[in-house]
Amino acid sequence: MLSAASRPYIDASVPVLREHGLAITQAFYKNLFISHPQLHNIFNAGNQANGAQQQSLASAVFAYAANIDNPSALAPVISRIVHKHVSLGVTAAHYPIVGEHLLGAIKQVLGDAATPELIAAWAEAYGILAQALIDEESRLYAAAGVNPGDLFEMNVTAVEQESAQVKSFTLVPKDGSTTPAFRPGQYVSVAVHLSHGLRQLRQYSLSDAPDHRHLRISVKREVAGKETPAGMVSNWLHDHVQVGSVLSVSKPFGDFTPDTDSEEPIVLLSAGVGITPMISALNRIAYVAPQRRVIFAHAARNASHHPHRADIAKAAALMPNLQSVTFYEEEAAEQSSAHALPGRMQLKKLPQWDVANTKVYMCGPLPFMQTQWADLVASGVPVKNLHREVFGPDMLDHLI
């Protein structure tokens with residue numbers, strides 16, 4: 001617990017971090033990589049280039065300061081961070097390094113305003129947060145039976161073009177062992193070695209039901225945008241991986257795990273490549289509870305950008321109570337078919353369900369999930385029944 005002496009300084013930091021948080025995190029990463037260039041192998045270089053990593057840390061620091069007395073609000077975020085860190089191989093030894101450079105960046109940006117008392121308060125607050133993360137990560141490593149940084153070689157046995165920009169890669173252990181157990185909704189980290197000796201890890205949701213024989217990931221090729229670079233790892237996977245390739249993969253992690261084993265109705269909403277964890281959940285339900293009522297709604301740009309249609313069709317053949325609804329944003333009303341509705345996903349166009357007692361899971365771009373979340377709450381869905389998969393700064397949008 002934060003001391004009474006430090007609390008006023010942390011409380012006073014909230015408006016300061018609103019104003020200077022991004023500048024602090026930019027200074028932090030610049031100084032960190034100068035002193036410890038080997039950490040480039042852990043941090044996402046693409047997110048560094050487009051500013052997402054800096055914004056993510058700024059959001060995390062501000063959210064922590066603003067909610068330091070609200071552990072129930074921080075707990076889900078800490079859980080997400082812990083799973084992400086374990087998938088990356090973060091260790092207790094990393095935290096003093098991060099702390100040193102974070103406090104140094106605060107001093108650098110705030111100048112004389114960074115009094116010794118303020119720095120001491122933030123050192124105490126950071127220490128409490130770091131220890132909480134270290135303890136949870138240690139427990140998760142032990143539960144998974146792995147050491148930090150452990151990766152496993154897996155053979156690529158199939159490559160499927162799911163849509164214009166998404167490929168699926170089927171993986172089996174190179175040593176002939178069974179694949180690790182996982183829950184639908186979880187992800188693995190995939191390591192690739194790029195030019196100039198840079199190693200990068202990326203997280204990809206598993207896109208098929210667990211069966212102890214194989215894993216499948218579905219990767220969207222991230223093309224360059226006006227303000228964002230092309231995805232280094234996704235493009236490398238699309239361009240270089242083929243049947244017979246070997247990938248280094250972590251064990252599955254992640255705490256977004258839709259309820260796939262009960263008989264209760266469930267609603268699965270997705271957009272874009274956010275369909276991947278939902279397909280894993282759908283395939284699992286088709287296997288263990290094919291009579292279960294499932295509302296499966298997906299939004300895509302158009303038919304050519306709609307992955308995993310074959311999985312949905314296969315599930316529909318097995319599940320008499322599956323209600324699948326598709327939205328194509330670029331398809332005009334006069335072009336719509338029996339298989340898709342035109343425009344963006346609208347709650348009013350989905351089948352009705354018992355909103356008070358049915359769990360809803362969603363995954364997709366942040367604006368999509370914000371819109372669906374607001375509409376679902378307005379329609380009477382209790383917040384406790386809403387669950388979403390998010391990464392990076394997006395996981396903190398409800399706290400800042």
Side-chain angles (χ1 to χ4, degrees), residues 44 46-47 50 52 80 84 87 158-171 182 184-190 192 200-209 215-225 228-239 241 247 249 252-254 256-258 268-284 296-312 315 324-331 340 344-345 361-372 387-395:
N44 185 317
N47 286 344
N50 65 25
R80 292 282 167 93
K84 178 76 172 291
S87 80
V159 179
E160 299 290 338
Q161 189 76 45
E162 298 286 354
S163 68
Q165 292 182 313
V166 175
K167 277 186 179 180
S168 285
F169 302 93
T170 300
L171 313 172
F182 70 92
Q186 292 189 305
Y187 55 82
V188 293
S189 284
V190 178
V192 302
Q200 289 282 278
L201 293 123
R202 295 292 184 274
Q203 292 70 49
Y204 295 107
S205 295
L206 294 160
S207 61
D208 203 356
L215 301 177
R216 185 177 71 177
I217 58 173
S218 299
V219 179
K220 178 186 176 185
R221 182 192 288 272
E222 299 292 348
V223 299
T228 57
M232 291 186 293
V233 175
S234 68
N235 279 276
W236 188 92
L237 292 171
H238 273 251
D239 293 339
V241 176
L247 291 176
V249 179
F253 295 103
F256 176 77
T257 53
L268 305 174
L269 309 179
S270 59
V273 76
I275 196 173
T276 54
M278 302 309 186
I279 288 295
S280 179
L282 183 66
N283 288 354
R284 170 68 178 173
F296 188 98
H298 179 67
R301 186 188 308 175
N302 52 44
S304 68
H305 286 82
H306 184 181
H308 292 294
R309 284 182 289 174
D311 285 275
I312 298 170
S324 179
V325 184
T326 303
F327 297 83
Y328 289 156
E329 184 176 351
E330 294 179 350
E331 188 171 85
R344 297 183 177 182
M345 186 181 295
Y361 299 86
M362 64 184 80
C363 185
L366 181 60
F368 164 81
M369 290 194 291
Q370 288 175 327
T371 298
Q372 302 309 318
H387 309 273
R388 61 182 190 160
E389 173 67 302
V390 287
F391 294 99
D394 296 355
M395 75 172 70

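Sequence positions, counted from 1, serve as the residue numbers for this chain. These values consider heavy atoms only, across backbone and side chains, with no hydrogens, waters or symmetry-generated copies.
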K.L.:
Keeping N283 on the side-chain end and A315 on the backbone end, is there a donor-acceptor pair under 3.5 Å?
P.N.:
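Side chain of N283 to backbone of A315, a donor-acceptor pair under 3.5 Å: no, none is there.
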K.L.:
For the residue pair P184 and P258, what are the closest heavy atoms and their distance?
P.N.:
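Between these two residues, the closest heavy atoms are O-CD, 3.2 Å.
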K.L.:
How close do R80 and R388 get, counting heavy atoms only, and between which atoms?
P.N.:
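Looks like NH2-O, 2.9 Å.
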K.L.:
Donor-acceptor pair, distance only, cut-off 3.5 Å: does the side chain of Y187 make one with the backbone of K84?
P.N.:
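Indeed, once roles are kept as given, a pair shorter than 3.5 Å links the two residues.
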K.L.:
If you count heavy atoms of other groups shown closer than 6.0 angstrom to CD of Q161, is the number above 12?
P.N.:
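For Q161, atom CD is crowded (more than 12 foreign heavy atoms under 6.0 Å).
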K.L.:
Could you grab the distance from atom OG1 of T276 to atom CD of E389, nearest 0.5 Å is fine?
P.N.:
8.5 Å
K.L.:
For the atom pair CE (M362) and CG (L268), what is the distance rounded to the nearest 0.5 Å?
P.N.:
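If I round to the nearest 0.5 Å, the distance is 10.5 Å.
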K.L.:
Quick check: does any side chain N or O of S189 sit under 3.5 Å from a backbone N or O of S87, one acting as donor and the other as acceptor?
P.N.:
yes
K.L.:
For a salt bridge (Lys or Arg N to Asp or Glu O under 4.0 Å) check, start with the C-alpha distance between R301 and E329, then their side-chain angles and the critical distance, and finish with the verdict.
P.N.:
CA-CA 5 Å; R301 186 188 308 175; E329 184 176 351; over 6 Å; no
K.L.:
Between R216 (side chain) and S207 (backbone), is there a donor-acceptor pair under 3.5 Å?
P.N.:
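Checking the backbone N and O of S207 against the side chain of R216, a donor-acceptor pair under 3.5 Å is found.
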K.L.:
State whether a side-chain donor-acceptor pair under 3.5 Å links S234 with E222.
P.N.:
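Short answer, no.
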K.L.:
Contact between F169 and V190 at the side-chain level, heavy atoms closer than 4.5 Å - yes or no?
P.N.:
no
K.L.:
Could you report the tightest heavy-atom contact between M278 and F256, atom names first, then the distance?
P.N.:
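In this case the closest contact between M278 and F256 is CE-CZ, 3.9 Å.
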K.L.:
Taking the side chain as everything from C-beta on, heavy atoms only, tell me whether S280 gets closer than 4.5 Å to F182.
P.N.:
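Heavy-atom side-chain distance check passes, below 4.5 Å.
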K.L.:
Drop me the distance from S270's OG to F368's CZ, to the nearest 0.5 angstrom.
P.N.:
6.0 Å
K.L.:
Restricting to non-hydrogen atoms, name the atom on S218 and the atom on H308 that form the minimum distance, rounded to 0.1 Å.
P.N.:
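Nearest pair, atom of S218 first, then H308: OG-NE2, 2.8 Å.
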K.L.:
Quick check: does any side chain N or O of Q165 sit under 3.5 Å from a backbone N or O of K220, one acting as donor and the other as acceptor?
P.N.:
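No, the answer is negative, given that no donor and acceptor are paired below the 3.5 Å cut-off.
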K.L.:
Only one of L247, I217, L201, L171 clears side chain to side chain contact (heavy atoms under 4.5 Å, CB included) with V188; which?
P.N.:
I217
K.L.:
Let me confirm one number: the CG-CZ distance from L237 to R202, rounded to the nearest 0.5 Å.
P.N.:
10.0 Å
K.L.:
Quick one, N235 with H238, criterion side chain to side chain donor-acceptor pair (under 3.5 Å). Give me CA distance, side-chain angles, the key distance, then yes/no.
P.N.:
CA-CA 5 Å; N235 279 276; H238 273 251; over 6 Å; no
K.L.:
Taking atom types as modelled and ignoring hydrogens, do the side chains of H298 and T326 form a donor-acceptor contact shorter than 3.5 angstrom?
P.N.:
no
K.L.:
Please tell me if the side chains of V273 and V219 come closer than 4.5 Å, counting only heavy atoms from C-beta onward.
P.N.:
no
K.L.:
Between CD1 of I275 and CG of L282, what distance do you get to the nearest 0.5 Å?
P.N.:
9.0 Å
K.L.:
Where do R221 and D239 land on the side chain to side chain contact (heavy atoms under 4.5 Å, CB included) test, with the steps shown first?
P.N.:
CA-CA 9 Å; R221 182 192 288 272; D239 293 339; 2.9 Å; yes
K.L.:
Could you measure the distance from the OH atom of Y328 to the OG atom of S304? Nearest 0.5 Å is fine.
P.N.:
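One finds 8.5 Å between OH of Y328 and OG of S304.
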K.L.:
Do K167 and V159 make a side-chain contact, defined as non-hydrogen atoms from C-beta onward lying under 4.5 Å apart?
P.N.:
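When only atoms from C-beta onward are counted, V159 and K167 do touch, with a gap below 4.5 Å.
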K.L.:
H305 and A164: which non-hydrogen atoms are nearest, and at how many Å?
P.N.:
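For H305 versus A164, the nearest heavy atoms are NE2-CB, 4.0 Å.
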K.L.:
For C363 versus P277, what's the shortest heavy-atom pair and its separation?
P.N.:
SG-CG, 3.9 Å
K.L.:
For I312 and H306: C-alpha separation, side-chain torsions, deciding distance, then whether side chain to side chain contact (heavy atoms under 4.5 Å, CB included) applies.
P.N.:
CA-CA 11 Å; I312 298 170; H306 184 181; 3.9 Å; yes
